[in-house]
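Heads up: the structure comes next, in structure tokens.
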Amino acid sequence: MKVVDYISTRGEAASLGFRDALLAGLARDGGLYVPREWPVMSKKDIRALRGKSYQDIAFEVLKRFVDGEIPDDKFRAMIDEAYATFRHPAVVPLVQTGPNDFVLELFHGTTLAFKDVAMQLLARLMDYVLAERGERATIVGATSGDTGGAAIDAFAGRERTDIFILFPHGKVSPVQQRQMTTSNAANVHALAVKGNFDDCQNLVKEMFNDAAFRDRLKLSGVNSINWARIMAQVVYYFTAAVSLGGPDRKISFTVPTGNFGDIFAGYVAKKMGLPIDRLVIATNDNDILARTLKTGRYEMRGVKATTSPSMDIQISSNFERLLFESYGRDAAAVRSSMAGLKQSGAFEIQPEALKAIRREFRAGRATERQVATTIRETLAETGYLIDPHTATGVFVARKNARAASPMVTLATAHPAKFPAAVKSACGIDPALPSWLADLMEREERFDILEPELKAVETFIGEHARA
Ligand SMILES: Cc1ncc(COP(=O)(O)O)c(C=O)c1O
Ligand SMILES: N[C@@H](CCOP(=O)(O)O)C(=O)O
């Protein structure tokens, strides 16, 4: 048996090795892959990361998940190439904003959002495995704004993949939209769906669950339903923690949350042995996760448009991975929760599982007014400009910080991606960096589709080359 293999949260799909899990995206039973066992790093292993580069730490952490399925030298080269695309030498620099407060800037990649961290590596991993097998794949992804741009940037022009990104028509920021619609690569297709992000994500999952379509098109996914996305996001919890004295000191993290992928990566880091004090979920007005932690009932209530559109989500996919863990890896309990969600838009979490979740996570919400005030106050007090997603995190972090541990808030997007919201909050109109300076003048190319499986499958079937 392999040291690390991947099992589905719904328990009815075959377990897979790393390369197969990478290409599969969603498991065939509709579940999400997780490693059968969490690889563990001792305090000594973690101490040895101190002073190392982001790339070195990425290799040390991630090789435990890749499990030799990609030769070390090739994997290391992919890591080096992926992070050479970042515009900051530290890749994800940590900025101090208060005596015990830090912001982890995850937005120095090509599309100015944290998605670049995982996506640049994922594209190289997929290319490698497809080339090794002499195969092609059709990538389908759903986005509330950032995953789409990052995926299109990372996969544009790649020979072995066609990529189809579904985004909610009229519900992403103009910068986010143009990052998806102005690629002139022939393998890129931006699809504006007349619906919200949850509709887009449901369509992607339905395509994966249509076995004939999935096999014919050789579907693969780049959302955080794909384990490799989560895995790559684990790395920055380690880099931040060791630079603040970990593992000999506990660190807390607050994470602006939507699809629960980024914060789940923090939970994975903790499972691997990283001493994390508080892991705090920060939501905008779409506060389904904060409500769930409070009441034990996951209940959809319709999406509200906010100034942090990337978090305008009700179906938080990776919460399924946490449920699996919290139910002691009882796949039947996960299946029953997911059936409830599908049928009635809600499910109850059993008391023991809820206790387990509350032991690991805290949660809070920032209203639209609180987000705007946080942008303005942070600028006035520290001279530091943040975007509305990061501001959601900073607001919630303040409520959950404690003297015992430094609090790191994840800065998930550059303020220039959301200029209207930032300007209205504090009067500053953040400029796009030089490589995107003409973005708003570039010609757009996208198709508008009804939120119907048949319409989307027909479009993809006619345009994919798999
Ligand atoms: C800027 C930004 N912040 C936060 C999030 C939420 O991250 P996650 O979906 O991993 O919870 C997203 C979207 O995923 C995002 O694009
Ligand atoms: N906020 C995301 C939504 C999709 O999240 P993912 O991490 O599962 O890809 C976005 O910006 O698209």
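Counting starts at 1 for both ligands and their atoms, following the listed order.
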(message) Quick check against the 3.5 Å criterion: does Asp387 have a side-chain atom that pairs as donor or acceptor with the backbone of Ala416?
(response) no
(request) Would you confirm whether Arg376, through its side chain, and Ala425, through its main-chain N or O, come within 3.5 Å as a donor-acceptor pair? (result) yes
(message) Under the ring pair (Phe, Tyr, Trp, His ring centres under 6.0 Å) test against Tyr54, which residue among Phe238, Tyr83, Tyr236 passes?
(response) Tyr83
(request) Mind checking whether Lys417 contacts ligand 1 via backbone (N, CA, C, O), side chain (CB onward), both or neither, at a 4.0 Å heavy-atom cut-off? (result) neither
(message) When you compare ligand 2 with Gln201, is there at least one nitrogen or oxygen pair between them that comes in under 3.5 angstrom?
(response) no
(request) Starting from atom 12 (O) of ligand 2, find the nearest protein heavy-atom neighbour and note its residue, name and distance. (result) Thr143 OG1, 2.5 Å
(request) Could you check atom 1 (C) of ligand 1 against the protein and tell me its nearest heavy-atom contact, residue, atom and distance included? (result) Asp146 OD2, 3.0 Å
(message) Would the distance check show the side chain of Asp277 and the main-chain N or O of Ser405 forming a donor-acceptor pair, the cut-off being under 3.5 Å?
(response) no
(request) Compute the shortest N/O to N/O distance between Lys115 and ligand 1 and return yes if it is under 3.5 Å, no if not. (result) yes
(request) State whether the side chain of Arg301 and the backbone N or O of Gln314 hold a donor-acceptor pair below 3.5 Å, judged by distance alone. (result) no
(message) What protein heavy atom lies closest to atom 10 (O) of ligand 1? Include the residue and the distance to one decimal.
(response) Asp262 N, 2.9 Å
(message) Just to check, does Arg229 reach to within less than 4.0 Å of ligand 2 when the distance is taken from its heavy atoms?
(response) yes
(message) For a quick check under 3.5 Å, do Asp162 and Thr138 share a side-chain donor-acceptor pair by atom type?
(response) no
(message) Is the contact between Asn259 and ligand 2 made by the side chain, the backbone, both, or neither, using heavy atoms and a 4.0 Å cut-off?
(response) side chain
(message) Counting non-hydrogen protein atoms only, what is the nearest one to atom 8 (O) of ligand 2? Give residue, atom name and distance.
(response) Ser224 OG, 2.5 Å
(message) Heavy atoms only: which of Phe197, Phe260, Phe114 lies closest to atom 7 (O) of ligand 1?
(response) Phe114
(request) Provide the number and element of each atom of ligand 1 under 4.0 Å from a heavy atom of Ala413. (result) 1 (C)
(request) Output the list of atoms in ligand 1 that are nearer than 4.0 Å to some heavy atom of Met311, sorted by atom number. (result) 4 (C), 5 (C)
(request) Describe, in one word, how the ring planes of Phe164 and Phe459 are oriented to each other, choosing from parallel (under 30°), tilted (30 to 60°) and perpendicular (over 60°). (result) perpendicular
(request) Consider only side-chain N and O atoms of Lys115 and Thr143, and report whether a donor and an acceptor are under 3.5 Å apart. (result) no
(request) Give a yes or no on whether the ring-centroid distance for His108 and Phe86 is below 6.0 angstrom. (result) no
(message) If I apply the N/O under 3.5 Å rule, does Gln233 come out as touching ligand 1?
(response) no
(request) Under 4.0 Å from a heavy atom of Phe197: give me the atoms of ligand 2 that qualify, with their elements. (result) 3 (C), 4 (C)
(request) Work out whether the distance between some heavy atom of Ser317 and some atom of ligand 2 is less than 4.0 Å. (result) no
(request) Number the atoms of ligand 1 from 1 as they appear, then name those within less than 4.0 Å of a heavy atom of Gly261, with their elements. (result) 8 (P), 10 (O), 11 (O)
(request) Provide, to 0.1 Å, the distance between atom 3 (N) of ligand 1 and the closest protein heavy atom, together with that atom's residue and name. (result) Thr412 OG1, 2.8 Å
(request) Would you confirm whether the ring centroid of Phe18 sits within less than 6.0 angstrom of the ring centroid of Phe65? (result) no
(request) State whether the side chain of Thr9 and the backbone N or O of Leu32 hold a donor-acceptor pair below 3.5 Å, judged by distance alone. (result) yes
(request) Look at the side chain of Asn286 and the backbone N and O of Lys304, then say whether any donor-acceptor pair between them is shorter than 3.5 Å. (result) yes
(request) State whether the side chain of Thr295 and the backbone N or O of Arg297 hold a donor-acceptor pair below 3.5 Å, judged by distance alone. (result) yes
(message) Tell me whether the NZ or CZ atom of Arg87 lies within the 45° cone about the ring axis of Trp435 and under 6.0 Å from its centre.
(response) yes
(request) Examine ligand 2 and decide if any of its atoms is less than 4.0 Å from a heavy atom belonging to Phe167. (result) no
(message) Show the atoms of ligand 2 that are less than 4.0 angstrom away from any heavy atom in Gly145.
(response) 10 (C), 11 (O), 12 (O)
(request) Consider every N or O of Asn259 and every N or O of ligand 1, then say whether any pair is closer than 3.5 Å. (result) yes
(message) Considering both backbone and side-chain atoms of Gly258, is one of its nitrogen or oxygen atoms within less than 3.5 Å of a nitrogen or oxygen in ligand 1?
(response) yes
(request) Specify the protein heavy atom at minimum distance from atom 3 (C) of ligand 2: its residue, its atom name, and the distance to 0.1 Å. (result) Ser144 OG, 3.3 Å
(request) Could you find the nearest protein heavy atom to atom 15 (C) of ligand 1 and give me its residue, atom name and distance? (result) Ser310 CB, 3.4 Å
(message) For Lys115, which part has a heavy atom under 4.0 Å from ligand 2: side chain, backbone, both, or neither?
(response) side chain
(message) In the structure I gave you, are the side-chain heavy atoms of Met126 and Ile139 within less than 4.5 Å of one another anywhere?
(response) yes
(request) Looking only at protein heavy atoms, identify the closest one to atom 11 (O) of ligand 2 and say how far it is in Å. (result) Asp146 N, 2.7 Å
(request) Give the residue and atom name of whichever protein heavy atom lies nearest to atom 4 (C) of ligand 1, and the separation in Å to one decimal. (result) Pro256 O, 3.4 Å
